[in-house]
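This report concerns only the one structure given below.
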Amino acid sequence: MDKIKIRGGKVLNGKIFISGAKNAALPLICASLLTDETVTLTNMPMLSDIKAMNALLEQLGTKINVFDDFVDGHATKTYSYRTKNIESLTAPYDYVRKMRASYYVLGPLLAKYGKCELSLPGGCAIGARPMDIHLASLEKMGAKIEIKNGYIYAESNGRLEGAHLILPIASVGATCNILMAAVLAHGRTVIENAAKEPEIGDLAKILNAMGGKIEGIGTSVLTIDGVEDLHGTVHKVIADRIEAGSYAVAAAITRGRIELINARAETLRQPLQVLRDMGVMVEETANSIIVDAKGRTLIGKDIMTEPFPGFPTDLQAQFLALMMTAEGASMVTETIFENRFMHVPELLRMGANINVHGHASAIVRGVKKLSGAPVMATDLRASFALILAGLVAEGETVVNRVYHLDRGYEKLEEKLKSVGADIIRIKSDDE
Ligand code: UD1
């Protein structure tokens with residue numbers, strides 16, 4: 001398995017191009033199942049999760065083409081998806097096991113073909129992550145759902161029916177699945193307490209461009225009037241706010257300056273405010289965010305994760321790492337997932353001063369120095385927190401289980417190297 005080796009202590013300086021958002025691209029790919037025509041997605045990130053979703057769709061019968069492309073002068077990929085003849089309505093265990101977001105095929109397949117068999121995703125490193133809200137909502141829309149042998153068997157007698165849904169939790173995944181089911185249902189669906197994450201806005205936007213009728217985008221009440229048919233479209237994936245936030249922390253933690261090209265400040269209001277409150281200079285330009293911590297002393301700040309527009313859980317680990325280098329104490333409270341401090345024991349091994357209280361909060365006290373160590377994390381964002389710690393630690397840090405990072409950070413070493421980091425990937429066959 002590949003590893004990443006970092007020699008800490010470099011002040012990062014320069015520009016990083018922010019890729020298309022993984023968490024937007026995954027449901028967008030599945031939205032292509034709702035039409036027989038071609039859906040083209042530009043500004044796609046090259047990530048292992050995208051490859052895994054593409055493999056699942058190919059198995060369902062989707063024909064996929066990939067082209068080299070440019071967005072604002074940066075090389076990216078464009079993918080086209082066409083599902084003219086569906087060959088399977090099953091998302092098997094091997095696909096769902098590798099990537100939970102495989103469950104995004106459920107809404108589209110059920111809406112268009114009246115049937116889907118989906119391996120039930122289990123819990124994962126950060127929590128139990130059930131699908132009860134997805135399933136209860138689809139049942140209210142007329143689906144018959146049975147769970148047996150580890151699979152969800154979902155069927156509808158003809159089209160799904162619109163329904164009035166009030167989500168008990170503003171779940172991102174459930175909101176996306178219901179949106180994709182409701183665009184082709186009979187009649188009107190209303191989703192109250194819908195999640196408002198920007199990736200949902202991106203999904204609603206493509207569905208409307210395909211002929212859907214969704215109102216209330218960006219608010220917690222979405223109204224969807226079902227249509228008979230959807231058609232193809234071309235859509236540019238929004239910039240990845242979590243990647244942007246992660247590199248913003250890379251600038252802050254090394255007391256450097258990075259311009260995040262293509263990042264969208266309106267998707268990062270809370271994290272940018274936290275940086276400002278800590279003493280980091282943050283400037284917003286028309287197509288970038290400049291994060292400048294040069295020569296600054298940072299002060300600890302409390303953060304609490306919340307659904308959008310609150311502080312994102314996917315940036316909690318990275319900001320916790322930043323707090324380790326700030327003056328004073330910071331309290332980090334996690335309210336979305338029940339097991340999201342798995343990075344802390346590894347950070348302690350690098351000399352951090354962190355006390356975790358139960359599952360929900362951690363007190364981080366700033367330390368004068370961290371020291372490099374071999375470390376590994378159990379999930380994607382926690383792995384990036386270890387990279388951040390490695391960037392400021394004295395000596396060498398080796399981050400193991402790099403496959404987590406490859407799921408969500410495009411060209412990670414290349415991007416960090418371009419702003420001055422001393423970082424290399426050790427391929428498993430180099431050992
Ligand atoms: C998505 C993101 C993930 C992010 C999370 C929260 C993708 C592919 N993943 O995950 O990176 O951390 O949003 O912003 O976009 N829940 C239930 N029952 C359900 C559904 C959810 O209890 O049926 C709970 C979850 O266990 C969790 C909370 O609701 O505690 C929020 O989960 P949700 O918003 O659904 O997150 P995901 O869509 O899984």
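Numbering of ligands and ligand atoms starts at 1, following listing order. All of these numbers come straight from a predicted model, not from anything done at the bench.
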Q. So which heavy atom in the protein is nearest atom 18 (N) of ligand 1, and how far is it from that ligand atom?
A. Asp132 OD1, 2.6 Å
Q) Looking at atom 3 (C) of ligand 1, what's its closest protein heavy atom, distance included? A) Asp314 OD2, 3.5 Å
Q) Using the ring of each side chain (for Trp, its six-membered ring), is His74 parallel, tilted or perpendicular to Phe17, with breaks at 30° and 60°? A) parallel
Q) Heavy-atom count around Tyr113 OH within 6.0 Å, excluding the residue itself: above 12? A) yes
Q: Report the member of Ile169, Thr175, Val172 with the shortest heavy-atom distance to atom 1 (C) of ligand 1.
A: Val172
Q.
Under 4.0 Å, heavy-atom basis, I'd like to know which part of Ile336 is in contact with ligand 1: side chain, backbone, both or neither.
A. both
Q. When you measure from atom 16 (N) of ligand 1 to every protein heavy atom, which one gives the shortest distance, and what is it?
A. Pro130 O, 4.1 Å
Q: Considering the heavy atoms of Arg129, write down every atom of ligand 1 situated less than 4.0 Å from one of them.
A: 10 (O), 26 (O), 37 (P), 39 (O)
Q. In terms of side-chain geometry, is the basic nitrogen of Lys144 or Glu155 positioned less than 4.0 Å from the acidic oxygen of its partner?
A. no
**Q.** atom 35 (O) of ligand 1 [closest protein heavy-atom partner, distance rounded to 0.1 Å]
**A.** Ser171 OG, 2.6 Å
Q | Mode of Arg340 contact toward ligand 1 - side chain, backbone, both, neither (heavy atoms, under 4.0 Å) | A | side chain
(Q) Any donor-acceptor pair under 3.5 Å linking the side-chain atoms of Ser19 with those of Lys415? (A) yes
Q: Step through it carefully: locate the ring centre of Phe319, locate the ring centre of Phe311, and say whether they are under 6.0 Å apart.
A: yes
(Q) Checking contacts here: is it the side chain or the backbone of Met131 that comes within 4.0 Å of ligand 1, counting heavy atoms only? Could be both or neither. (A) backbone
**Q.** Protein contact to atom 9 (N) of ligand 1 [nearest heavy atom, distance to 0.1 Å]
**A.** Asn23 ND2, 3.6 Å
Q: Considering only non-hydrogen protein atoms, determine which one is nearest to atom 23 (O) of ligand 1 and report residue, atom name and distance to 0.1 Å.
A: Ile133 N, 2.8 Å
Q.
For Thr313, which part has a heavy atom under 4.0 Å from ligand 1: side chain, backbone, both, or neither?
A. side chain
Q. Has Lys148 got its NZ or CZ under 6.0 Å from the middle of the six-membered ring of Tyr153, at an angle within 45 degrees of the ring axis?
A. yes
Q | Matching residue for His343 among Arg381, Gln316, Gln318 - test: side-chain hydrogen bond (donor to acceptor under 3.5 Å, both in side chains) | A | Gln316
(Q) Any heavy-atom pair between the side chains of Met131 and Leu106 that's under 4.5 Å? (A) yes
Q. Any idea which of Phe308, Phe337, Tyr103 brings a heavy atom closest to atom 5 (C) of ligand 1?
A. Phe337
Q: Could you verify whether a donor N or O on one side chain and an acceptor N or O on the other, from Asp277 and Gln273, lie under 3.5 Å apart?
A: yes
Q: Classify the side-chain pair Thr83/Thr62 by whether it contains a donor and acceptor separated by less than 3.5 Å.
A: yes
Q: State if His134 counts as touching ligand 1 under the rule of any non-hydrogen atom under 4.0 Å.
A: yes
Q) When only distance counts, is Gly173 in polar contact with ligand 1, meaning an N/O pair under 3.5 Å? A) yes
